[in-house]
Q: 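My structure is below; once you've seen it, I'll send some questions.
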Amino acid sequence: MTAATHPLVARARHLADTLLSPAAERVDQEGVPAGHIEAIRRSGLLGVSAPVAYGGSAAPAAVVRETAEILAGACCSTWFVQTQHHTPVQTLAATELPVRERLLGALARGELLSGVAYAHLRSHPRLPVRVRREAGGRRFDGTVPWYTGWGLNDVLLLAGVTEDDEALFAFVEAREQPGLRPSEPMRLAALTASRTVSLDLDGLWVPEEAVAMRVPYGQWAAADRPKPRNAGPAVFGVARAALALVAAEYADPLRARLDEVRRRAYTLADHPVPHEHTEERLAVRAEAFTLLRTATTAAVVAGGGRAMSLDNRAQRLAREALFLLVQGQTGESRAAHLGQLGQLAWRSG
């Protein structure tokens with residue numbers, strides 16, 4: 001069975017064609033509805049990478065990427081809310097702590113939806129969220145700058161740094177409670193629909209049995225560092241959706257180039273040693289963004305004045321491309337991207 005013929009890919013395409021894509025412009029303005037998340041729950045896509053023993057599909061990486069491309073190209077806001085779910089699933093699958101048996105099955109089967117609150121760990125040695133032991137559990141203090149899916153998620157995977165310089169992850173109910181207060185939903189240039197807030201943590205107490213992972217910060221950072229070096233599936237999904245709005249004579253050359261960069265990106269992503277080929281990964285990532293920008297610009301040009309309307313598909317895709325430029329960005333990936341942009345300007349000058 002190839003990725004293209006996998007049942008989950010077929011379900012993702014059906015969702016995209018019948019629900020997500022037709023409603024995408026409305027969702028962009030009004031917010032991701034609970035019905036979209038319920039449809040994804042029923043499809044089994046929340047368990048795409050989860051262990052079979054817990055109700056998931058344990059699908060190959062190629063299937064995971066293909067479904068992500070399809071969802072992101074259809075409705076990037078809905079994709080972004082549901083993609084948060086997969087890191088908690090993978091975290092539980094890798095742990096032997098008691099929380100695994102309590103939550104992994106429900107998450108794998110889509111009975112619960114999880115969000116994540118850990119990107120701030122990448123700002124170390126600055127510590128936006130601090131953790132210390134307190135009365136049979138852990139106390140979290142600080143601010144989570146970005147949290148997506150508020151009001152849709154059932155639980156969230158919250159991370160902070162301990163006094164021993166450990167990265168500690170624990171599951172928390174995704175609701176306002178003593179010690180946890182959300183901001184008002186953020187108004188963003190793109191993906192306002194994803195219900196993104198900041199979280200104020202003021203003595204949030206979490207029981208020890210909710211802890212999912214605790215490792216030295218350096219060990220966590222070493223495992224996390226390679227991830228933002230690769231071009232993500234959403235980039236290719238949104239670019240493909242944009243090229244679908246452009247006449248074939250102009251789109252076909254761009255599509256051929258996109259396919260080639262996609263092939264290189266996924267070959268690197270599948271390489272067994274994630275710390276190798278760093279410069280090539282970053283270069284391919286930046287090249288994918290250049291093509292994304294070109295594809296969405298082409299869609300806007302093809303749309304003419306109509307593309308300036310907030311309910312226009314080309315304009316939405318162009319704003320989503322802006323979001324993807326900075327989503328998951330690190331200092332390393334930013335420098336590589338800016339360096340390539342400088343080279344492009346020099347060559348065109």
Side-chain angles (χ1 to χ4, degrees), residues 65 68-69 72-73 76-77 79-80 83-84 87 116 118-126 128 145-146 148 186 188-191 194 196 221-243 253-271 273-301 314-349:
R65 291 191 293 250
E69 283 189 25
C76 199
S77 293
W79 162 78
F80 191 52
T83 201
Q84 315 294 314
T87 295
V116 293
Y118 76 89
H120 51 273
L121 288 182
R122 293 172 179 153
S123 64
H124 191 276
R126 190 166 60 85
W146 304 92
T148 293
M186 296 181 186
L188 306 171
L191 274 72
S194 65
T196 296
D224 175 73
R225 197 170 294 119
K227 297 174 184 177
R229 294 171 179 163
N230 293 311
V235 172
F236 301 108
V238 172
R240 286 181 183 280
L243 291 177
L254 288 171
R255 193 175 288 113
R257 184 64 183 147
L258 187 71
D259 288 344
E260 171 59 18
V261 172
R262 178 181 183 268
R263 183 193 63 77
R264 290 164 54 203
Y266 290 168
T267 297
L268 288 166
D270 288 336
H271 190 278
V273 185
H275 294 279
E276 293 184 355
H277 305 289
T278 295
E279 290 186 6
E280 185 180 2
R281 292 175 192 271
L282 290 169
V284 171
R285 182 179 189 271
E287 191 172 355
F289 281 134
T290 297
L291 285 166
L292 172 64
R293 186 177 68 252
T294 302
T296 54
T297 299
V300 170
V301 172
Q315 192 250 59
R316 171 179 62 81
L317 291 168
R319 287 187 290 106
E320 291 172 352
L322 288 175
F323 167 80
L324 293 174
L325 289 177
V326 298
Q327 187 248 334
Q329 186 185 64
T330 63
E332 180 185 50
S333 64
R334 180 187 299 112
H337 194 182
L338 289 172
Q340 192 201 64
L341 290 172
Q343 292 172 7
L344 289 172
W346 177 261
R347 289 199 296 267
S348 63

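Just so you know, these numbers come straight off a predicted model, no measurement behind them.
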Q: What is the distance from atom CH2 of Trp79 to atom CG of Leu191, rounded to the nearest 0.5 Å?
A: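 Result: 8.0 Å between the selected atoms.
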Q: Using atom types as modelled and distance alone, determine if a side-chain donor or acceptor of Thr87 lies under 3.5 Å from a backbone N or O of Gln84.
A: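 No; judged by distance alone, with no hydrogens or angles, the pair does not exist.
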Q: Suppose the criterion is salt bridge (Lys or Arg N to Asp or Glu O under 4.0 Å): which pairs have a residue in residues 320-340, not counting sequence neighbours?
A: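 Qualifying pairs, neighbours excluded: Arg229-Glu332, Arg316-Glu320.
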Q: Where the side chain of His124 meets the backbone of Arg126, is there a donor-acceptor pair that is under 3.5 Å apart?
A: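 No, because the side chain of His124 does not come within donor-acceptor range (under 3.5 Å) of the backbone of Arg126.
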Q: Any chance you could lay out the side chain to side chain donor-acceptor pair (under 3.5 Å) test for Thr148 and Thr196, step after step, and finish with the verdict?
A: CA-CA 4 Å; Thr148 293; Thr196 296; 3.0 Å; yes
Q: Over all heavy atoms of both residues, which pair between Ala239 and Leu292 is shortest? Give the atoms and the distance, please.
A: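 Reported closest heavy-atom pair: N-CD1, 3.7 Å.
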Q: Between Asn230 and Tyr266, is there a side-chain heavy-atom distance shorter than 4.5 Å?
A: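 Tyr266 vs Asn230: side chains apart.
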Q: Mind checking salt bridge (Lys or Arg N to Asp or Glu O under 4.0 Å) for Arg225 and listing every partner two or more places apart, or none if nothing turns up?
A: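 For Arg225 there are no salt bridge (Lys or Arg N to Asp or Glu O under 4.0 Å) partners, ignoring immediate neighbours.
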Q: Counting N and O atoms only, with roles assigned by atom type, does the side chain of Thr294 sit under 3.5 Å from a partner on the main chain of Thr290, one being a donor and the other an acceptor?
A: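 Present.
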Q: In Å, rounded to the nearest 0.5 Å, how long is the span from OG of Ser77 to CZ of Phe323?
A: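 Between atom OG of Ser77 and atom CZ of Phe323 there are 8.5 Å.
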Q: Donor-acceptor check, side chain of Arg122 to backbone of Gly331, threshold 3.5 angstrom: yes or no?
A: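 Between the backbone of Gly331 and the side chain of Arg122 there is no qualifying donor-acceptor contact (under 3.5 Å).
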Q: Sequence neighbours excluded, which residues qualify as salt bridge (Lys or Arg N to Asp or Glu O under 4.0 Å) partners of Arg240?
A: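 Arg240 satisfies salt bridge (Lys or Arg N to Asp or Glu O under 4.0 Å) with Glu69, Asp259 only.
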Q: Using modelled atom types and a 3.5 Å cut-off, is there a donor and acceptor pairing between side-chain atoms of Arg319 and backbone atoms of Ala314?
A: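 Not confirmed, Arg319 side chain does not pair with Ala314 backbone.
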Q: Under 4.5 Å between any side-chain heavy atoms of Arg264 and Thr267, yes or no?
A: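 When only atoms from C-beta onward are counted, Thr267 and Arg264 do not touch, as no gap falls below 4.5 Å.
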Q: Give a yes or no on whether the backbone of Phe80 and the side-chain of Thr83 come within a donor-acceptor separation of less than 3.5 Å.
A: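 Not a single qualifying donor-acceptor pair exists.
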Q: What orientation do His337 and Phe289 show, parallel under 30°, tilted 30 to 60°, or perpendicular over 60°?
A: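 Judged by the thresholds at 30° and 60°, the geometry between His337 and Phe289 is parallel.
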Q: Is there a side-chain contact between Gln327 and Leu324 (heavy atoms, below 4.5 Å)?
A: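 Gln327 reaches Leu324 side chain to side chain.
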